[in-house]
Each structure stands twice: as C-alpha cells, then as structure tokens.
Amino acid sequence: MHIAALLVPAVLCANIASGQYVIPAADGSNGWADALAKAKTLVGQMTTEEKLNITQQNSAFPRVGEVDRLGYTGLFYADGSEGVRGAPFSSAFPMALNGAASFDRNLLYRRAVAIGEEARAKGINVQFGPGVNILRTPGAGRAFEYQGADPYLSGQTAAEHVKGVQSQGVMSMMRHYIGNEQETGRRWTSSNIDDRTAHEVYLWPFQDAVQAGVASTMCSYNGLNGTYACADNTSLGKWLHEELKFQGWVLSDYGAVVAGQEANAANAGLDSVIGAAFTSYSDSPAPGFKYPFGPSSVLASAIANGTVSEARLDDMANRIVSAWYKLGQDNGFPALNTSTNALSQAHNDLIREIGSKSIVLLKNNGTLPLAKNKSLYVFGQAASVDLKGSPYPVSFGFAPDADMGTFLGGQGSSYVSAPYVITLLDALAEQARSQGTQVFGYTDNFNHTVQATYAAAAITADATCLVDVRQTCSEGYDRQNLTASWEGDETIVAVASQCANTAVIYSACGPFNVTAWVDHPNVTAILNAGGLGQEAGHSLVDVLYGVVNPSARLPYSIAHDLGDYAALPDFTIKAQNTSFVDVEYTEGLLVDYRWFDKNNIEPAFAFGFGLSYTTFDYSNLSVQPSTATLDKFAAANSTELYDCLALITIDITNSGTVAGSEVPQLYIGSPADGAPVKVLRGFETVGLDCKAKKTVSYNLTRRDLSFWDTYNGGWTLPSGEYKVYVGASSRDIRENGSFRFTLK
Ligand code: BGC
C-alpha cells in the first residue's frame with residue numbers, strides 16, 4: 001500500500017472507532033478563510049433555534065431561513081439551468097445541453113453571466129444549476145439540463161457556468177449529486193457505481209465545479225450503492241468534503257430526505273432541506289407533512305438527544321452563512337422582487353448567438369447555406385407556435401400544450417416561461433420580406449398526403465423544403481423511444497418522398513432516432529437544433545443562411561439502433577416500497593463513445609461531430625511530456641492534481657472559402673488497465689478567416705492522465721505509452737502521437 005493511504009487523520013479514526021462518521025467541518029481552505037471567519041462570528045451569536053431555522057425552507061417564495069435579529073437575510077433561490085424559473089420577465093435561454101454543444105467556453109461563461117444578472121436583478125441569492133449528471137442513457141429525461149455524455153466536457157462547461165453566475169454575486173448550485181442519471185424510479189432506485197467509475201466519470205464534473213468555487217450542491221433523490229444520496233457518508237462525507245474539500249453547503253432536492261433518514265443526512269454532510277419528507281423507497285410524501293430539518297423537526301430532536309452534534313449544526317450554519325459572505329451578499333444585495341424586469345436586448349442577442357452557435361450541422365449535401373433567392377416550403381408544426389393556442393404554460397408542469405409548437409427546451413422544474421418566442425416561420429418571414437423571396441408554410445403534421453403534394457409542388461417551384469420536428473422531454477420521465485412527437489418522422493419521410501432538397505431541423509433533448517430517414521437521398525441536410533430558447537427562429541435562420549457558420553459539436557453519440565447504446569433504463573421496473581430497485585452501472589467507464597469504441601460499433605453520428613460550411617486542415621502535432629521523474633501517486637485532495645504534465649500543440653488551418661470556427665478535440669488513450677480506448681481531455685474553439693492558421697495548445701494535468709486507484713484511494717499515473725489523438729470528432733482523428741513518463 002502506498003504510504004499516503006496510511007496517513008488517515010486521527011480525528012477520522014476516532015470517529016470510526018466511536019461508530020459514527022463525522023464529516024470534516026469547513027476549514028476555510030480554497031480561499032474561504034475570510035468568509036468562514038465572518039460566518040463563525042455571526043453564527044456564534046445565534047441560538048440553537050436560529051441555527052435550525054436556517055437549515056430549512058421557510059417561506060412561500062423559496063427561502064432558506066433568515067435570522068433578522070442579526071441582519072442575516074437568508075437565501076432566496078430559484079431553478080434552474082435555463083434561466084430564472086417561476087418569475088415573470090425572465091429570459092428563456094437555450095438549454096444547458098445546447099451550451100455544451102457549443103464547445104465554447106467563452107460563450108458558456110457569457111450565458112451564465114446573463115443568467116446570473118437576471119437572478120441578481122430579482123434578488124435571487126442562489127440560482128440552481130449547473131446540472132452535471134452524465135447522459136448515460138440516450139433518453140435521459142433531464143439530459144437537456146445537463147452537459148452531455150462526457151465527464152471532461154461536463155466538468156469544463158460546469159466550471160464556466162459556476163464562474164459566470166457567481167461573477168454576479170449569485171450562488172451557483174451544482175446538482176444532482178450524485179448518480180441521478182435516470183428519471184425512471186428516481187426516488188426509489190439505487191445507482192450502483194463502482195469506486196473507479198464514480199471518480200473517473202460521475203464525480204469528475206462535480207470536482208471541476210468545486211475547483212471553480214461553486215458555493216452550493218444539491219443532493220439527489222436516488223440511492224447510491226444502497227444508501228440515499230442525501231444521507232450517504234461516502235459521497236457527501238468522503239468524496240465531497242474530504243477529497244474535494246468542498247467549503248460550501250449542501251441542499252437536498254425537493255423532499256429528498258426521506259422520513260427516518262434525517263439524522264443520517266445531517267451526519268453525512270447535508271446542511272439544509274427543501275420540501276417535506278417522503279416515505280422511503282416510494283413516490284409518496286410521508287404522512288403528516290414534516291420538514292426534516294428546522295425548529296421542531298426530527299433534526300431538532302436529534303440535536304437535543306445527541307444523535308447529531310451541536311458542532312455539526314454549527315458547521316451547517318457556518319457553511320450556509322459563509323457562502324453568503326463569500327458571494328458578497330451581506331453587502332448591497334438587491335431585495336427579493338421576482339417581478340423585476342430582467343429582460344434586455346443584450347440578453348436577447350446573446351440568446352440568439354448561443355442558439356446559432358449550438359446548432360449541430362449533421363449532414364449537408366450542398367443544400368446549406370440557403371441561397372437568398374430560393375423559395376422555401378416549410379413543413380412540421382414545430383416551425384410555428386402551438387396549433388392549439390395557449391402555447392406556453394406559465395408554471396411548473398407537464399402541460400400537454402408544451403408538447404407542441406416551437407421547441408424551446410425541456411419541461412419540469414427548469415422550464416422558463418418565455419417572454420416571447422420567435423418561431424422558424426416568423427424569422428423566415430422577416431428574412432423573406434427583406435429578400436423578396438417566397439415562404440410557404442404547411443404545418444399540419446398529420447396529413448402526409450397533403451404534405452407530399454406540397455413537397456412535389458416545391459420541386460416544380462425549384463424551392464428547398466424545410467421540415468421542422470421535435471421530441472418533447474421532461475424531468476420525471478425518460479424518453480422510451482427516440483422518435484419525433486406528432487408523427488414528425490413520418491412528416492420527414494412524406495416530404496422527402498417528393499422533394500429532392502429536404503433539410504431536416506430536429507429538436508430534441510439528446511440523441512434521437514435517425515434510422516428512418518438519415519440515408520434517404522432526398523434528405524440533403526440535417527440540423528440538430530436541441531432547444532434554442534426564445535430566439536429559436538432567428539438562431540436557425542442565421543445558420544440556414546450562413547450568417548453564422550455552424551461550429552457546434554455533438555455532446556453525445558447518435559446510434560443507428562437503440563440496442564447500440566451502452567445503457568438503457570428498465571422501463572418496466574416498479575417501486576418495491578421496502579428497498580431500492582438496483583440500477584447497475586455495468587458499463588463502468590464505457591459511457592457513450594467509449595462504449596462504441598470498445599465494441600466497434602459504428603455510430604450514425606459520433607460524439608464530437610459537427611460540420612461547417614468550410615473545411616479545416618490539421619498539421620504539426622507536437623507532444624511534449626514532462627521530462628522530470630514523477631511520483632506516480634497523488635492523494636485525492638492534492639493540489640498536484642492540477643500540475644501540467646504534458647503540452648500538446650497542433651496547427652489548424654481554414655482550408656475552405658469562408659470564415660468559420662473549428663473545435664479540435666484532444667483524446668488520450670491511457671495505458672492503465674481497463675482504460676477506455678480514448679477519453680476526451682481537451683477542446684478549443686478556434687475562429688479562423690479563410691486560409692488563416694492558428695496553433696492550438698492543450699495542457700494535460702496530472703488528473704487528466706491518472707486513473708483512480710481504488711486500493712490507495714488516490715490518483716495514479718500508469719506506466720506505459722500514452723496515446724494522443726487530435727481530431728474533429730471522436731471518430732475523425734486527424735493526427736496522433738504518443739509519450740511516456742519516467743515514474744517512481
Ligand atoms: C428537481 C430539482 C428542483 C426542485 C425544486 C425537483 O423536482 O429535481 O432539480 O430544483 O424540484 O423545483
């Protein structure tokens with residue numbers, strides 16, 4: 001055993017010996033010392049009752065409790081990842097998954113700054129998000145709130161989100177910690193994940209968010225290896241607090257502390273709750289509507305009888321209050337006013353830009369960009385506002401109307417009621433007016449005979465056909481099949497049966513089934529639009545006409561068949577009510593493209609893939625590893641994990657005829673036993689005028705190159721040859737090399 005593993009702190013041994021695990025109290029590391037000192041002074045003046053008060057939600061508009069007597073305002077919070085939910089005059093941003101598809105750190109940061117500005121304007125202290133659960137199964141219901149299927153991409157995007165929101169003095173909340181990869185049975189399934197996979201895949205992006213300074217964490221509904229995630233010593237105590245040295249506070253998901261687990265949750269590291277307790281292993285609220293924490297709660301009794309220590313209660317309060325100080329919310333933070341108008345033209349413009357830079361061009365046989373003098377025939381109800389009227393539900397819900405019309409994003413607690421919506425037809429009409437061209441729209445999805453007739457007319461008129469379809473998705477439900485809503489796939493086939501130039505615009509919350517039409521010779525272009533938010537039509541028109549040259553990349557793979565994916569939920573499972581239903585993460589490290597690589601499965605579209613209206617050349621790969629003799633092992637909380645151990649550079653040239661942006665991706669094939677064929681470890685967005693060239697550099701850290709050593713409980717550099725791949729997608733490697741380290 002490595003010596004570091006023997007250095008178990010004495011305090012931890014004492015706790016294990018007495019039979020009760022105690023998480024380390026916040027110690028002010030990672031730049032939190034001042035905030036913690038101030039918090040201790042304030043919390044030191046609080047009564048037990050007041051401390052308990054700040055551990056629960058206690059007002060109509062969600063607030064984690066205040067202590068007015070001492071000038072502590074408490075924390076108002078709002079969902080979610082797409083903008084400020086549940087308040088009028090908030091912008092509906094493109095989905096988080098669209099942000100990830102941009103592969104553009106600067107854009108992600110600006111998206112988050114804008115969301116933070118809107119939250120602050122309304123006096124929201126805590127804006128929930130980023131969601132960093134991994135898109136493990138293709139139909140995962142909340143994938144739209146997350147950052148795709150790869151841990152490195154998720155971590156990088158999450159870090160930008162945290163920095164952006166928190167630049168506005170608003171706390172960011174990473175979630176849903178941890179193992180909440182499916183919605184099916186989310187309150188009564190246990191995600192069973194081995195230690196190495198947990199560290200290398202599911203914990204990885206949370207670690208990046210902590211590094212970026214995230215102030216808060218939301219623990220999830222599900223079980224993790226047989227224990228409720230909100231009451232789990234391993235994930236909350238050991239991973240989050242000991243290994244990652246998280247200094248902020250942990251909030252339960254709504255009602256995620258089940259009756260009977262209150263003291264366990266507090267001891268494991270939960271600091272605050274929202275929602276009343278639920279009955280364990282079920283979807284039912286526990287009888288008697290009781291808050292797990294707060295005055296007169298089960299926690300209060302546990303403190304009184306010593307099951308939970310006063311010291312832990314102090315730590316809970318210190319963590320919450322120190323985050324308030326850390327973000328400067330003690331000084332001049334706006335009072336809550338959810339009706340404050342936070343809208344602006346600058347945000348509308350940004351939403352349009354994020355939209356256009358997150359649309360992935362999957363296929364293009366010369367149809368796009370559209371010539372300005374071409375007439376258009378537009379099909380598919382997603383091109384227009386809801387045909388049924390009352391299109392956008394104002395509050396939380398799974399309203400049937402939200403299944404129709406222009407797709408802005410997924411449903412559930414992250415749904416933002418858009419202040420306005422630009423549909424594809426609106427935007428095309430604007431464009432047509434300025435160009436003097438014709439746009440004809442037929443948006444009934446069900447009459448395929450009429451569709452085919454109009455599609456034939458389009459050919460006679462030498463027009464291009466656009467078919468705009470969508471799949472609906474929502475929190476609470478995983479998509480069982482990946483086909484378009486409202487006969488969207490049949491609409492594509494009907495139009496393509498006649499129209500030789502059919503461009504498909506497809507909106508979904510992740511992978512979708514392309515098999516029925518992808519190889520149809522008349523389907524000459526495919527745009528994967530995701531959920532574009534309120535400026536959807538404008539963003540699409542910018543890409544269709546080449547005002548924006550597409551540069552987004554798939555943050556997941558799209559398979560030919562459902563059976564090709566690494567994992568699918570068991571949709572037949574039912575709550576057992578007395579114990580968890582197990583969900584085994586048997587694919588281990590082989591999520592998404594790693595599964596396709598390992599099993600030699602050709603995807604329809606590979607992770608990282610996306611076309612441009614120009615072309616790029618890759619040349620001059622240079623690989624410069626550290627020449628020092630390196631210690632193999634680094635402890636889980638070592639700062640050495642972020643040392644740069646190798647520098648990779650490559651030249652990218654725009655070899656086409658228009659300006660554009662390329663996203664060269666760096667993948668590493670590790671010599672570690674059981675490592676995937678390759679894993680993403682770098683990406684950059686490079687804007688280039690035609691014929692221009694730039695050198696792109698990637699720093700590889702010790703963490704990037706190590707595997708999680710379960711035996712020693714730390715990160716280890718394997719010996720052997722590290723393979724380096726740089727390419728335009730996980731399946732389009734343009735240059736490769738390798739290196740070795742001298743290790744001791
Ligand atoms: C969701 C959370 C959300 C909470 C409060 C829950 O159903 O899982 O993401 O923050 O509701 O709206």
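Atoms within each ligand, like the ligands themselves, are counted from 1 in listed order.
We find the CD1-CG distance between Ile359 and Asn98 to be 8.0 Å, quoted to the nearest 0.5 Å.
Of all the atoms in ligand 1, the ones that sit under 4.0 Å from a non-hydrogen atom of Met218 are 10 (O). Less than 4.0 angstrom separates some heavy atom of His176 from each of these atoms of ligand 1: 2 (C), 8 (O), 9 (O). If you number the atoms of ligand 1 from 1 as listed, the ones under 4.0 Å from a heavy atom of Phe128 come out as 10 (O). Ligand-side atoms of ligand 1 in range of Tyr221: 6 (C), 7 (O), 8 (O), range being under 4.0 angstrom from any heavy atom. For ligand 1, the atoms closer than 4.0 angstrom to any heavy atom of Arg186 are 7 (O), 8 (O).
Between Phe278 and Tyr221, the ring center distance fails the sub-6.0 Å criterion. Aromatic pair Tyr72/Trp324: ring centres closer than 6.0 Å. Checked against the 6.0 Å centroid criterion, the rings of Phe407 and Phe144 do not qualify as a close aromatic pair. If you look at Tyr77 and Phe128, their ring centroids are closer than 6.0 Å.
Under 4.0 angstrom from ligand 1, the non-hydrogen atoms of Arg85 all belong to its side chain. When non-hydrogen atoms are compared, ligand 1 lies under 4.0 Å from neither the backbone nor the side chain of Glu145. In Met173, neither the side chain nor the backbone holds a heavy atom less than 4.0 Å from any atom of ligand 1.
At under 3.5 Å, a nitrogen or oxygen of Arg175, whether backbone or side chain, sits near a nitrogen or oxygen of ligand 1.
By the salt bridge (Lys or Arg N to Asp or Glu O under 4.0 Å) test, Lys357 pairs with Glu353, sequence neighbours left out.
At most 12 non-hydrogen atoms from other residues, nucleotides or ligands lie less than 6.0 angstrom from NZ of Lys238.
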